[in-house]
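Since the structure comes first, as C-alpha cells, the remarks are kept for the end.
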Number of protein chains: 4
Amino acid sequence: MQTQILERMESDVRTYSRSFPVVFTKAKNARLTDEEGREYIDFLAGAGTLNYGHNNPKIKQALLDYLAEDNIIHGLDFFTAAKRRYLQALDEIILKPRGLDYKVQFPGPTGTNAVEAAIRLARNAKQRHNIVTFTNGFHGVTMGALATTGNRKFREATGGVPTVGGSFMPYDGYLGDGTDTLDYFEKLLSDKSGGLDVPAGVIVETVQGEGGINACGLDWLKRLEQICRAHDILLIVDDIQAGCGRTGKFFSFEHADVVPDIVTNSKSLSGLGLPFSQVLMRPELDVWKPGQYNGTFRGFALAFTTAAAAIENYWTDDSFAKEVQRKGEVVSERFAKIAAWISEQGIEASERGRGLMRGIDVGSGEIADKITHQAFENGLVIETSGQDGEVVKCLCPLTISDEDLQKGLDILEQSAKQALS
Amino acid sequence: MQTQILERMESDVRTYSRSFPVVFTKAKNARLTDEEGREYIDFLAGAGTLNYGHNNPKIKQALLDYLAEDNIIHGLDFFTAAKRRYLQALDEIILKPRGLDYKVQFPGPTGTNAVEAAIRLARNAKQRHNIVTFTNGFHGVTMGALATTGNRKFREATGGVPTVGGSFMPYDGYLGDGTDTLDYFEKLLSDKSGGLDVPAGVIVETVQGEGGINACGLDWLKRLEQICRAHDILLIVDDIQAGCGRTGKFFSFEHADVVPDIVTNSKSLSGLGLPFSQVLMRPELDVWKPGQYNGTFRGFALAFTTAAAAIENYWTDDSFAKEVQRKGEVVSERFAKIAAWISEQGIEASERGRGLMRGIDVGSGEIADKITHQAFENGLVIETSGQDGEVVKCLCPLTISDEDLQKGLDILEQSAKQALS
Amino acid sequence: MQTQILERMESDVRTYSRSFPVVFTKAKNARLTDEEGREYIDFLAGAGTLNYGHNNPKIKQALLDYLAEDNIIHGLDFFTAAKRRYLQALDEIILKPRGLDYKVQFPGPTGTNAVEAAIRLARNAKQRHNIVTFTNGFHGVTMGALATTGNRKFREATGGVPTVGGSFMPYDGYLGDGTDTLDYFEKLLSDKSGGLDVPAGVIVETVQGEGGINACGLDWLKRLEQICRAHDILLIVDDIQAGCGRTGKFFSFEHADVVPDIVTNSKSLSGLGLPFSQVLMRPELDVWKPGQYNGTFRGFALAFTTAAAAIENYWTDDSFAKEVQRKGEVVSERFAKIAAWISEQGIEASERGRGLMRGIDVGSGEIADKITHQAFENGLVIETSGQDGEVVKCLCPLTISDEDLQKGLDILEQSAKQALS
Amino acid sequence: MQTQILERMESDVRTYSRSFPVVFTKAKNARLTDEEGREYIDFLAGAGTLNYGHNNPKIKQALLDYLAEDNIIHGLDFFTAAKRRYLQALDEIILKPRGLDYKVQFPGPTGTNAVEAAIRLARNAKQRHNIVTFTNGFHGVTMGALATTGNRKFREATGGVPTVGGSFMPYDGYLGDGTDTLDYFEKLLSDKSGGLDVPAGVIVETVQGEGGINACGLDWLKRLEQICRAHDILLIVDDIQAGCGRTGKFFSFEHADVVPDIVTNSKSLSGLGLPFSQVLMRPELDVWKPGQYNGTFRGFALAFTTAAAAIENYWTDDSFAKEVQRKGEVVSERFAKIAAWISEQGIEASERGRGLMRGIDVGSGEIADKITHQAFENGLVIETSGQDGEVVKCLCPLTISDEDLQKGLDILEQSAKQALS
C-alpha cells in the first residue's frame, strides 16, 4: 500500500489513519476492504455516520437516479425539488407521526455548524448569552460549539483564546449512583449568587458518544425538560450521533417522551455518509431574520435526496427501529459477557449504552487501546471513546447482518482475551 | 410550483429563495431550469461554488465511475485511495509547478471550518491570540471565523456574545485613492500603545466577494506580505471564493507573486458543488497534534474524487486560466459600458474586479436590487454584494459558453435599462 | 436632616443610604451618630472595613502625627519612609512570626484591584487563563474580578459583556452535609473532557462575607490546598473581608494551617477606613515585570502609616486575637439563642460563622430585612448578606466594648422578636 | 538611605522607584525632599494627582479640621455630611456655573474603577457591548478598563486572556497632518460590513497623558461629539488626568464647548492625593439599579472633605484657571525653546500640550530617558510618556510658584544640554 504521499502531505492532525494504517478502498454495509483486499468488520461506521451501512443500495440508487439526469447538485438555499422531497419525507414520515411540530434550518452541512446555529438561535430567542452543557459532552470544535465541548484536547488548542458562553454541569451519573446531578443544576438556577448566569438553553446528548457512551437515565432527561420549562430555558438535544435510529428510535429523546425546543441532526442524516445537517426548532422560536446565518453548502441536493430515501425506506413503520433494538440487546448481552470476563482478569469493566450505541468501559485508555489494536489485527475496525479513551465502543451499522454482527462480536471477545491474557 | 411546504417548514433564515422564488430542478453548465421549464442564465453559480459549471460532464463522470463500484464514500480521516488520488493531483498539477510546498489539512468540508482551522493553527503556531482582518471581509459565521467577518447582520445575531480575537484594518482603497491603508497597519504594529495586539496572522481575501468585489492592488498585497514577514506575522489568504481559477489563476495570490503561509480553499474546490474544503500550510507551521481539530465529514471521498477530476481536467496546462482571463476581459468591458450608461442616468456607477469575479457598483442596494430583480424576470440569475448590497456581481461559471456569457450580459444591460429608465 | 441634594445628585446605584436613610456625622469605635444626634451601635463597621473601630485613637494619632509635618501623602510607587515603616511592621510582626515568606504588591487601593492583580499574576505565572472560584463567592466587580464573583446582580449589569476566565465550583456545604464538594472539583481536574480548563489558580474566601457568612470547614480548606499542590494550581486566599483579625487570627487561613500562594488584603488593612490593599505572593511567583500593573493611588502614604500603626498596636502578641475569639463566642452563643427563638416561631434559622464574622440564616431576605429594619429603628446598624439577603450578619468592630456588644445583641434579639411576633 | 527592605519585599512590578531610587519623606507644593535632605522640584506631581501641590495648606487644614473631631471617616455609601458638603460644592461652584446637569456616582476611589463604571453604564444604557477608544489611550488596567487601554505592556500581561468590548480608532493626528481621523470612524459607523460593532459609547481623553501629551484639536473634539449625537452613541470624556484644572479649565472639554454624556474624574479630584473618583452622567442615563455596582471605599469621607475644600478654595472664580493658563504659556514657550535646541542637535523635537499638561517629544525613549535621568541628578523629578516613552512631560503642580517653575525649567534645559551634548 502506497502511503507515502498521504503521510507526507497530510497534516499531523490526522488521527484515524494512525489507528488503522491501511488504505481503504471498498466498503459495503458493515464491511471495509483495504487496498490489499483484506476485509474488516466495521464497528465504527464513520463514527456513527453510516447507520444504514456503507453504500446502502436503496439509498445509493436514489443518488444514482438523481445523478442520471442533470438535476441541480448545489443549490445554495434555493427552493429545489430535492429539498422539497426531503422536507415532505421528514414531515410526513418522521415528525407528524410523532406529534412533533418543527421548522427546519439547514446550516452548513456539518454537525458543528448545526450546533453553532442552534445555540445562537437559543441566545437570540432568549436574549441571554449562557448555554449550559454537560461534563464529557461533545458538540463540535468551531469556537461557538467548542464552548459547549468538554475535551481538553480541543479546548487547549485554540491558541490561547478562551471560549465564551458555555457553563458545564455534571451529566447524569457523574457524581456517583446516589446523586441526582440535576439537584446541583436546579440549586444553581435558584441561587442568585451561585455564579451561573441564567442560561438561554441547555444542550445535551441523551447518550454521550465521544464522552464514553454514557446514556442518561430517562427520568433524568425528563426532569431536565421540566427544569428547563420551569426556568424558561430552551432544551436543545444534540442528536447528531444518537439520532437517526442509533438508539432504537429515530430521535433518541423519544425514549424519555420529552420534546426538545431545538434538535440538531447530522452524521447519519444523509443516509450515505454525505455531509448534511439540520436544526429543528419549535416554530415560535424561529426568530431568524433572512440571511442572519449562512453557509455555502446549505443546499446540497444530493444529501437532500439520499436523506429522503433513507427516511422513505426505513422509517415508514417501526420494523427498522425494532430491529435496532433487537440487535442492541444482542450487543448488550455479549458486551456484558466480555466485560465480565475482563473483570475476572482483575480489570474492572462494565457494559453501557442504549440501542446500538454500546460500550465496554475497561477503566483506562491503555487497556482499551490494547483491545482495539488487537481487534484490528483480527479484522475488526473498532474505536474507543471517553475522557481517557477508556470505553471500547460499538457503533456498527444498524443494518449489519446478524452474521457480521456475531463475527464482529466474536473478534472483539477473542481480541480482548488475546490482549489481556 | 408547489412551494407551500418549503415556505412553511424552512426557517425564516432562508434568503436566496426570496430573491429567486421558483423551484429549481435541472442545471447544466451556466443554465438553471425551474420546475415549470423556464431556463435562466446563471451568473451566481452557487455563490462561486460552480466554477466548472453545473453538472460538469467530465467531473460528474468521475463521480459516476467512483459510484459504479462500492468504493468507500465516507472515510473519516482514514487513508483512502480517493484521498491519495486528490493529494497526488494537487501536488503534481497545482503545487509543484507553482513552486509551492504545502501540507494539507482537511477540516470539516465547509469554508467556515477551514477558516476556523486556519486561524487556530496560526494562533497555536505563534502563541498569540489576535488575527487581523479587513473591512468588508467575509470569512464565515461560526464564532471563531465570525471574529474576522465584518458584516453586522451576522455579528449582531450572536445573541449578545461578542466575538474574540479579531482586529479590523482598512482594506485597500478603504480610505480613498490617495491613502495606502497599510500605512495605518504598519504604524499600529510599530506602536506600543496603539491598541493593536501583535497578531498571530493576517487573513485576507485578494478579491472580497461578499464585501463587494473589491480587488486589492497587487502591490498592496505584496506589501502586506512584506509587512507580515517583517513582523513575524503569518499571512493567511482566504481563497475560498477567489481561488480555483476564479480570478484567472488557480490561486488568486499568484497574480501578486506572494506566497501565503496558510491558504484556505472551499466552494469550487470539489468541482461539482460537493461540500469540500482544505487548509494549506507551510510544512513548518504544522504544529497540530493528532486529533486536535476534527470533524465528521473531513474524509468525504466523493469530493476527493471530483476535486481530483477537476484538477486533472482543467489545470495541467494554462489554457483554462487563459480562457478565464479572456472571458474576464469580456465581462469587464461590458460592465464598464453598462456602468457608463448608468452613470449617464445620474447614478454614479463603476466596474471592478479581477478575472471572472466582476461587479458593477451602483451606489445603493436599492438600485442594485431593482436591476437584479428585473434581470431575474428576464431570465438571468444574478446577485448583489457589498455592505449595502450595492454591487451587482458576476460569478458566472468559468466554463460558460461565449454564447451564454453574451446572452447573460445582454439581459443584464437590458434589465439595467428597464429598471433605471 | 437635609438629604435633598444627596437624593437628587447621587446616582440611583446608591444602596446603604436606602437601608439607613439618615445623615451620619460622628463615629467612634462601635458607635455611629446621625445629624440629629441619635446614636447607633454599629454591627456593620464599614462592611468589615473598621475592625479596629471608627476613629481608633491609637491609629488616628499615627495619622495626625504624620500630618503634623509636611510628610509626603501621595507617593505613586516611590520608595517612601511611610511604605518602609509599613513593610517593616508587616514583615516583623505579621509574616515572620507566622513563618510566612511573601513579597508584596500594592495595586490600586481597593479590594477589586487586589483581586485583579492576584488573578492576573496567577495567570502569568502559570500561563493558563482559568481561575476557579466558588458558588456565592464575592471578589469584586471590575470585569476581571467579576469573572470570579457569583452575584447575578453584578453579572447581569455588564451591558451584555460576558466575563471571561472564571469557573465556579460548589463551596463547602453547597451540596448538603453528606457531600464533600471537593470530590467534584477533584474529579473534574482529573477528567480530560469534563469541561474544566486546567486552572492557573483557585480563589477562595475562608468565610464568605457577601455570600452569607459561610465558613468553610478547616479540613475542606486543607484538602483544597492539597488538591492545588497535586495539580500545580495556585491557591489564592481572598482575605479582604475575613483577614486582619476578623476570624480571630490575623489571616483567616491560619486556622487551617494552610499557606496560600497568593493572598489579597484590603478593607481593614489600613486600620482606619482609608483605601488600601495589598497582594502577598510567594517570592518565586513574582513574575511581574516593572510597571506591568499600575494604578495612581498605589502609594498612599497615609494608609501605609495607619496600617503600620494598626499592626504595631494590635498584633505584637496574641492578646487581641484572643479577645476577638472570646467576643466571637459571645456572639455565637447569643446568635444561636436568637436563631433558636426564631425557629420556634416556625421559621427555620441557624447560626454560623467564625470569630467575629457571624450570621443568623433566617431563610429569606424578606424576613431578614424585617429584623434589620426593626433593629435600625431600635438603634442598631446591621446588614444582611447571602444570595437572597437571608443572613443577618454581625461584622462589629473587633474593638467593640463588651457593653456595646451586649447592647447590640440585646437590640437585635428584641428587634427579631418585635419583627417576627 | 535604607532601601533593602523595600527592594526585598516589594514586588518587581514597582517602577517609579527605579527611576528615582531615593526614599522620599517630605513634600510641599512643588518640592519633594528625600531622606538625606536633598530637595527636588516636582514636575511629576503624582502623575497629575497633585494639581494643588503637595500638602496644600488650605486643603490640608480642612482635613485636619475634620479629623479634629470624631467625624466619620469611612462611610460606605451612607449619606454623610462630608458627602453632602462635596456635592454642594460640586453643584454650586462647578456644575451650575457651567450649565452642566449631571448626577454623580462614586465607584471605588480609583480611576480604573471610574472607567469600569462609566463604560458599564454606557453599555447598560444603550444595550450594546462595544466601546470605541483611541490609539495611545490609557484608561486603566482592570480587565474592563483595559479593553480601552492601548499599551501592550498591560495588554500582554493578562496571562492570555484577551480583553473584550473595546475597538480602537486613530486619535487626532495619528494619520498625519492632512488626515482627519474621524473620517475613518464615521465611515466605519456607516458601513454595514466594516467590522465595527455599533458602539454604546466612545471614551476619549482630550489630552492623552500616558499616551504622550497628545492634545486633540478642539474642532476634532467638537466633531466627535457631533458624530456621537448623529449615531446615538454616548460620549465619555475620561478627564482623570486632564481634568481638575490641568488644562486651564476645570474640565478639559470646556475648551471645545462640548458636553459629554459621561465624565470620569479622579487623580487630583481629592485635592490632596487621597484616593477618590467620580463618574458624572446625564441624569437620563442613570439606569443603575440600587447596588448594581459597588466597592468598599466609595464613601471615603476624608476625600469628600478635601475635594470640597479644593473646589471651595480654587474654583469660585476664574482666577486660578487663568493662572494655570498663564503658567502653561510659560512652559510652552520654554519647551518650544528647548525643543528647538534639541532639534539643532539633529534630534527632531517638538513641544505639545494644553495648559500645564505639556511635553517635549524627542523621538525616542532612549533620548528622553537620558534627559530625565540627568534632570533627576540635577534636582528635578520629571517623567516621560508616549508609546516609547519619547515625550518628556511636565505635570507640575498648578500651584507651583513662578520661582520654582523657572527653576524646574532651567534644570530641564540644562539637563537636556548636558545629556545631549
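Just so it is clear: chains get the letters A, B, ... in the order the sequence lines come, proteins before strands, and each one is counted from 1. All values below come from the heavy atoms of this structure, side chains included, with hydrogens, waters and symmetry mates left out.
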Does any heavy atom of chain A fall under 4.5 Å from the side chain of [X], the backbone, both, or neither of them?
X: Phe154(B); result: both
X: Lys126(B); result: neither
X: Leu121(B); result: neither
X: Leu274(B); result: both
X: Phe106(B); result: side chain
X: Leu63(B); result: side chain
X: Phe20(B); result: side chain
X: Leu6(B); result: both

Inset, instruction - For each of Val104(A), Thr296(A), Leu90(A), Asp70(A), tally heavy-atom pairs with chain B at distances under 4.5 Å, and name the one with the top tally. - result: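 That would be Asp70(A).
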Contact winner vs chain A - [options], heavy-atom pairs under 4.5 Å:
options: Gly144(B), Pro283(B), Ala157(B); value: Ala157(B)
options: Asp12(B), Thr80(B), Thr3(B); value: Asp12(B)
options: Val164(B), Leu302(B), Val22(B); value: Val22(B)
options: His129(B), Gln105(B), Gln292(B), Glu7(B); value: Gln292(B)
options: Thr110(B), Asn294(B), Thr112(B); value: Asn294(B)
options: Arg128(B), Met281(B), Glu10(B); value: Glu10(B)

Do the side-chain N and O atoms of [X] and [Y] include a donor-acceptor pair separated by under 3.5 angstrom?
X: Gln278(A); Y: Tyr86(A); answer: yes
X: Thr142(B); Y: Glu116(A); answer: no
X: Lys28(A); Y: Asn55(A); answer: no
X: Gln241(A); Y: Glu210(A); answer: yes
X: Ser17(A); Y: Arg14(A); answer: yes
X: Tyr293(B); Y: Asn113(B); answer: yes

Could you tell me whether the side chain of [Y] reaches within less than 4.5 Å of the side chain of [X], counting heavy atoms only?
X: Asn29(B); Y: Leu50(B); answer: no
X: Met9(B); Y: Asp91(A); answer: yes
X: Asn51(B); Y: Lys267(B); answer: no

Legend entry - Exceeds 12 heavy-atom contacts within 6.0 angstrom, atom NZ of Lys289(A):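 It does not: Lys289(A) NZ has 12 such atoms or fewer within range.
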Engaged part of [X] at the chain B interface, taking heavy atoms whose separation is under 4.5 Å:
X: Arg18(A); value: side chain
X: Ile240(A); value: neither
X: Leu280(A); value: neither
X: Thr158(A); value: both

Legend entry - Minimum-distance pair of heavy atoms, taken over all atoms of Val279(A) and Pro107(A): CG2-CG, 4.1 Å
Legend entry - Ring centroid separation His74(B) to Phe297(B) under 6.0 Å: yes
